[in-house]
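When a ligand or atom number is given, it counts from 1 through the structure's own listing order.
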Amino acid sequence: MDHLVKEALEGEFRVNMHDADSIQRGLISYMVRVVGHDPRSAGPRQWFMALAYMVKGILSERGMGTSRAQYGQDTRRVYYLSMEFLTGRRLMKHLLDFGLETNVREALDALGQDLDELAQQEPDPALGNGGLGRLAACFLDSMATHRYPGHGYGIHYEFGMFSQTIEDGQQVEHPDNWLQGGNPWEFVRYSVSYPVRFNGRIVCFKDESGRERCEWVDTNNVNAIAYDLKVTGYDSPVISNLRLWSARASTDFDLRFFNEGNYIEAVKDKTTSETLSKVLYPMDSTVLGQELRLKQEYFFVSASLQDIIARYLRVHEDLRLLHEKIAIQLNDTHPALAVPELMRLLIDVHGLEWDEAWSVTRETFCYTNHTLLPEALETWPIGMLEHVLPRHLEIIYLINHDHLQQVRFRFPGEMEVLRKMSLVDENTQRIRMAHLAIVGSKRVNGVAALHTRLLREKVFPEFDEMYPGKFVNVTNGVTQRRWLLQCNPQLSDLITEAVGASWKSDLTALHALEPLAEDAAFRERFNAIKLANKARLADHLKEQTGYVVDPASMFDVQVKRIHEYKRQLLNLMHVIHRYTLLREGRLDDPVPRTVVIGGKAAPGYWLAKQIIRLTCDVALTINNDRAVSDRLKVVFLPNYNVSNAEITIPGANLSEQISTAGTEASGTGNMKFALNGALTIGTLDGANIEIKEEVGDDNIFIFGLTTEQVTETKRRGYNPWKVVEHDADLKRVLDMITSGFFSPQQVNRYSAIRDTLFDGGDQYMVLADFRSYIETQAKVDALYRDPDAWARKAILNVARMGLFSSDRSIQTYAKEIWGAEPMDI
Ligand code: 26V
């Protein structure tokens, strides 16, 4: 090592990434000069940092090329505004995108370090809750890969999604201090800083030219500081930017505490304003209406729009043409305040007339809806807006005034329609953010065919009628780079060997795998890879939970946020039913199964936490029952996140996508599992429907009521008691849960589950779908008994997933929504 260090420090600083020796010297040099550690005593954590800084150098160099090309070409830029980006770890992704994995691995080998171990050192940035945040990350990847000029904007949360442990069978939340050890990937831009204002009052006056102007005064200000993360695409010269805003107390405070003499109080204020980017709200299904959340939303929207306008004005003059050069995508309504904020900036700051500003605004924004659940639709109390954002409330009223006038014109005399379409809910005195986003956008999209249809027909039918063509569908997708290439290297190699490498940037190329489903040798290799991935998952489960599971058993997996509508409870009811059959010897030729359930519950969602607890109780009982131990195991996988999804998904045989029809907007886990060769058991919900159309009815297990049947059953008066009365198996399962069979220390532990199913009316139709689910699970068993038949279908699933790449989603957005073109670079 000594001579290596000497040589490295004497040599040239520039690293030739195509040469493992040069990389090795580069690593040593970064270790000394940037990390500040002696290479002779450095451990994996320090080597990770050295490598990350070295890669960061390439990111920066290439990023400049993209910026120059963008200014040079002046093509339409796409800005993706999202409160959440669940990027996953960065290191392996960058190495894969740059094609550097092999050389870097070799260089590290020579230094006695293992790349995989280094990669584990990186904290997984958990800046999102679930599907919506992960989709944003897939989209950035696809935009960079296909050379679109995309830019992400979000929040630099100091604490991301909590980490979950299970103690005594219950979820415990721990703060996610992901920046603790420093973040080598980010570029802090202290000079890119914008003031964001809150509170205060409005004064209106006539200016010199006699024009009515309004000024927002006496505000409390917070500064937004930019943190940039570079986004690479696969084998692409384009590097995009993800700009995350962090809140800093405005320097006004420094002046104030001198003047007021109350130093301690002033510094206290300073920390209060910095709470704005402190923590990600860890719920994704119920809105609480908290002022801090509102301020977070406005904080990142205002900073982003100021930045977008500043960039535009660097090369253009006339803001009336803004929409010709940019498109802004609103990821759900969380950034919907961008509509009144852009109006305010254009009118109050840049002097446009109302009508000019309004037509620019409506041509600039597009809005994606991600949920049909009424409790997740955002509304803000008028009183709160008046206090926090008085000027925005005025602008919203003005927008609503014009909007309602058009509604009256379109639906004359229809007071009910007027009431329904207003941006103001008069009953609750709240502003409806989805209405604001729809009115202020050029296009509105749902995220799967069924979801878009339900949006148009059930949730916003009057808007759809009033603005024909405004509502469009863009079915979600996932990036095959992370969700196959990176997480399943063996299957990736097999596919590349069979059909070439083009699938990495064109997933439809997987079609060519179809004939191989009939090739016995291929099936054998495919099965061997699945088995290896299952062994890796089994190791992970053992390490995380202590439970030992058999990779030869069927791995039946449901990982996603815990929510009643996703029906983890239905899954558990099947498990309990199977357990009773096994104990009674009523299953002939039972197929051994390992059921894995994982996911986080929102900290305040008590029933979701009970479902986790029940999973753990059921696991404890079943896994310790020698009578079934070689045929059934249940494991709750703690702390489900992007990193352990990368281990879990490739190891699944069966993918559980069992939401009540009409509740899951799309789902994206469903796509990831099928792409990795799992078969789906699912309802006709979200993107499952399109997956079924692609893979074929024979290659997916569909069960349960359809959306129409759910509606119809409820309309006729659904009676949970009746269902249970007619199904002895179901009755027994429920009795076991509610009589304390799994919780003998506390027999009433699950009374809330009984209450939601009976007194609560079983909103999500768990009981109604039980029988159909059980029957379909029996068909799953039957197929699994024939490994060849199973493998054929699994291979066909992989071969037919081409549609579900986020590349296709992005190409659709670009063409149909943004009017954006790939860059020439
Ligand atoms: C809502 C809220 C409510 C207030 C507090 C914080 C918060 C954070 C996130 C959300 C959004 C929930 C919507 C969501 O995640 N939808 C999911 O979007 C996926 C991508 O389109 C889709 O695949 C899932 O089906 C859908 O549930």
Side-chain angles (χ1 to χ4, degrees), residues 80-86 126-139 154-155 157 160-162 279-297 300 329-336 367-380 433-434 437 444-452 454-455 459 473-479 483 559-567 599-600 602-605 645 657-673 682-683 685-691 764 804 806 809-810 813:
Y80 200 84
L81 265 57
S82 177
M83 288 280 275
E84 309 189 2
F85 287 91
L86 255 183
L127 308 186
N129 270 281
L132 165 143
R134 182 54 230 178
L135 186 76
C138 284
F139 281 2
I155 297 180
Y157 298 106
M161 187 65 194
F162 65 82
V279 57
L280 166 80
Y281 274 88
M283 46 274 221
D284 65 348
S285 50
T286 31
V287 294
L288 293 181
Q290 277 170 352
E291 188 173 299
L292 178 61
R293 167 83 184 182
L294 174 69
K295 287 174 134 183
Q296 280 189 337
E297 292 183 354
F300 108 96
Q329 191 67 36
L330 304 175
N331 201 20
D332 217 296
T333 57
H334 316 152
Y367 153 55
T368 306
N369 174 289
H370 293 270
T371 180
L372 297 160
L373 295 187
E375 63 268 33
L377 292 179
E378 287 189 300
T379 60
W380 291 109
M433 301 310 276
V444 178
N445 78 284
V447 290
L450 171 69
H451 173 231
T452 302
L454 294 174
L455 280 182
V459 191
N473 177 247
V474 185
T475 298
N476 284 165
V478 301
T479 167
W483 298 113
V559 282
K560 48 182 79 244
R561 289 301 287 264
I562 311 291
H563 196 289
E564 287 161 274
Y565 86 79
K566 296 180 187 281
R567 301 201 295 193
K600 292 174 185 175
Y605 190 172
Q657 308 299 337
I658 59 178
S659 53
T660 317
T663 62
E664 187 72 272
S666 160
T668 44
N670 46 5
M671 303 167 187
K672 296 167 196 166
F673 279 100
T683 47
D685 198 18
N688 296 352
I689 298 176
E690 289 151 87
I691 293 177
Y764 297 106
F804 300 99
S806 46
S809 309
I810 282 304
Y813 278 99

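No side-chain N or O of T368 forms a donor-acceptor pair with one of N331 less than 3.5 Å apart. Side-chain contact, Q329 with Y813: no donor N or O sits under 3.5 Å from an acceptor N or O.
Of the heavy atoms in L132, both backbone and side-chain atoms come closer than 4.0 Å to ligand 1. If you look at N476 next to ligand 1, the close heavy atoms, those under 4.0 Å, all belong to the side chain.
For E378, the heavy-atom gap to ligand 1 stays at 4.0 angstrom or more.
Of all atoms in ligand 1, numbered sequentially from 1 with element shown, those under 4.0 Å from a heavy atom of R293 are 5 (C), 6 (C), 7 (C). Interface atoms of ligand 1 facing Y565, defined by a heavy-atom separation under 4.0 Å, are 27 (O). Those atoms of ligand 1 that come under 4.0 Å of a heavy atom in A665, given as number and element, are 25 (O). If you number the atoms of ligand 1 from 1 as listed, the ones under 4.0 Å from a heavy atom of E84 come out as 8 (C), 9 (C).
The only member of E297, Q290, E291 that meets side chain to side chain donor-acceptor pair (under 3.5 Å) when paired with R293 is E297.
Considering both main-chain and side-chain atoms, S666 comes within under 3.5 Å of ligand 1 through a nitrogen or oxygen pair. For the pair A376 and ligand 1, the shortest N or O to N or O distance does not fall below 3.5 Å. Not one N or O of T371 is nearer than 3.5 Å to an N or O of ligand 1, by distance alone.
Aromatic ring pairs are classed by plane angle as parallel below 30°, tilted from 30° to 60° and perpendicular above 60°; the pair Y764 and H563 is perpendicular.
Among all protein heavy atoms, the one lying closest to atom 5 (C) of ligand 1 is M283 O, 3.5 Å.
Among H334, K566, H451, the residue whose heavy atom lies closest to atom 1 (C) of ligand 1 is H334.
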